[in-house]
Number of protein chains: 2
Amino acid sequence: MTQQADAPEPAEPKPAARSGEGGGARERIFRAAEWLVAEHGFDGVSTRDIVARAGANVAAVNYHYGSKTRLLLEIFRARATELNRERTQLLRQTLEAEPDNPRAILRALIEPPTLWVDDDRRIALRFLNRARYEGPLEIRELIRTDVRHLRRFADALASALPELPRDEVIWRLHFALGVLHYNQPTDYARLALISDGACTPEDREALMERLLQFICGGFGF
Amino acid sequence: MTQQADAPEPAEPKPAARSGEGGGARERIFRAAEWLVAEHGFDGVSTRDIVARAGANVAAVNYHYGSKTRLLLEIFRARATELNRERTQLLRQTLEAEPDNPRAILRALIEPPTLWVDDDRRIALRFLNRARYEGPLEIRELIRTDVRHLRRFADALASALPELPRDEVIWRLHFALGVLHYNQPTDYARLALISDGACTPEDREALMERLLQFICGGFGF
DNA sequence: ACGCTGTTCAAACGCTTGTTTCATACAGTA
DNA sequence: TACTGTATGAAACAAGCGTTTGAACAGCGT
């Protein structure tokens, strides 16, 4: 009736689910979409795939989220915020304890995503990593322009490395992110192939140390 | 008539083009597809986009290449072969001149793709980089399994760094590729944003030195 | 002139996509 | 008990996709 060119925006999510499945349809769709995209990629998942896994109707995605893209954007925002909060918190702790230790600063950058691989946020991380390359324009634009969070690390590193020009710090931070992001989605089958099985998926703590050592070396300490 | 479930495979490409456009339709399609994919990504380019840019008919892609995927695969193969040949040649020269200089070996890995950005192979490089993440399954599988070329670099590095265990060499080579691949598709707008304009797209030689320095540092020398 | 061969073309095929429609079922409240 | 806003369902929508068809065309050797 009332032309709903705007967002549907149901006032409240939902008091309780109808069946014992696991949350309301809105939340089930959220999780189904996140899982499917993490598994099959942004371009390998259709609206119908999502609702099938969520046990919902095709119309549910547009009813609850307005569009498929907005659903994906909401997932991205939620997970990215979560990751950034963890990093920022770790960075703050680091700066209080030892503000001039660049290694500790870099560790705050690397640790959260590396350790997420082990727990139930493995899916969330995979989603985030895919978003960088495959995600819809709205998401990629968000990644490109929202750099507040990286700036914090750049600032911390610059003041811990006063002898290094700031642009040099940022170049190396950029390189460090390369190592990190390239390493994230790795399935390690290729690494094992090159190394004849010598490089196998190891303990995440060990991997993080390895990463950190390489990056610190790149920074020059 | 003769059921053509197999490839059409026209015996010879074509003696001459029909108009003064620039090569036969087959070649025009090749270049149009490469350019479009480099520009808009694998999932942002349709068969109709390709033939429109090539000045050909919709059926031409399937006539000349069998399918859209085979066209993309042929482009990938051609460009990847070209890149690998250049790297291998450079590596051979290096190993003859100074076989125990790991920096020179890494340079042979980094230099070709970094310098391609400047000349007309910029498009080819962009295509290759996209293929790694967005390409059809056939291409990504090829990237994953064909590691002969990386093995050569692993071998060279291992023998130049005898004190380093081979699996450690491969881990660091893996990290180095991360820096390289992450850096390739960068449009530098984001870097400029973080650095308030301090980090701008610079001379490619200078960028390569910067890359090389970071990677050598990561390796520990 | 003929047929043969490689190429182009407009049109259509079958399928999937994201989205919409409208009727219905369900709460909670008056 | 009726009313109201929320949620779900089956069905259909228009548009785009990769691919196929069958006819027309050019150039060529015989």
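To find a chain, count down the sequence lines: A is the first, B the second, and so on, and within it residues start at 1. Keep in mind that the numbers below use all heavy atoms, side chains included, and drop hydrogens, waters and symmetry copies. Bear in mind the structure is a predicted one, so any value in this text is a computation, not a measurement.
Looking at A/Asp49 and A/Ser46, their side chains do bring a donor and an acceptor atom within 3.5 Å of each other.
Aromatic ring orientation, B/Phe153 versus B/His149: perpendicular (interplanar angle above 60°, classes split at 30° and 60°).
No donor-acceptor contact under 3.5 Å links the side chain of A/Asn57 to the base of D/dA7. If you check distances only, the side chain of B/Arg48 never reaches the base of D/dG16 with a donor-acceptor pair under 3.5 Å.
Phosphate proximity of C/dT17 to A/Ser46: present, with a side-chain N or O under 4.0 Å from OP1 or OP2. For C/dG18, the OP1/OP2 oxygens have a side-chain nitrogen or oxygen of A/Thr47 closer than 4.0 Å. One finds no side-chain N or O of A/His64 lying less than 4.0 angstrom from the OP1 or OP2 phosphate oxygen of D/dT6.
Between B/Tyr63 atom OH and D/dA23 atom P the separation is 17 Å, expressed in whole Å. One interatomic measurement links the two molecules: CD of A/Glu27 to C1' of D/dA7, which rounds to 16 Å at whole-angstrom precision. Going from atom CD1 of B/Ile29 over to atom P of C/dT8 covers 8 Å, rounded to whole Å. In this entry the distance linking CG of A/Leu72 with P of C/dT17 reads 14 Å, nearest Å. The interatomic distance linking A/His40 (NE2) with C/dT16 (P) rounds to 17 Å, in whole Å. At whole-Å resolution of the value, NZ in B/Lys68 and P in D/dC17 are 8 Å apart. Distance, A/Ile50 CD1 to C/dT17 P: 11 Å, rounded to whole Å. Rounding to whole angstrom units, CZ of residue A/Arg70 and P of C/dG18 are separated by 16 Å.
Nucleic acid contact class of B/Ala60 (heavy atoms, under 4.0 Å, all strands): none. Among the protein residues, B/Val58 comes within range of the nucleic acid bases, having at least one heavy atom under 4.0 Å from a base atom. Residue-level contact check: B/Ser67 touches the backbone only, with heavy atoms under 4.0 Å from sugar-phosphate atoms and none from bases.
Side-chain atoms of A/Asn62 lie closest to C/dT20 of the nucleotides C/dT20, C/dT8, D/dT20.
By the side-chain contact (heavy atoms from CB on, under 4.5 Å) test, B/Glu86 pairs with B/Pro112, B/Trp116, B/Arg121, sequence neighbours left out.
A salt bridge between A/Arg107 and A/Glu209 is present, with a side-chain N of the basic residue lying under 4.0 Å from a carboxylate O of the acidic one. In summary, A/Arg70 and A/Glu74 do not engage in a salt bridge, as defined by a charged side-chain N under 4.0 Å from a carboxylate O.
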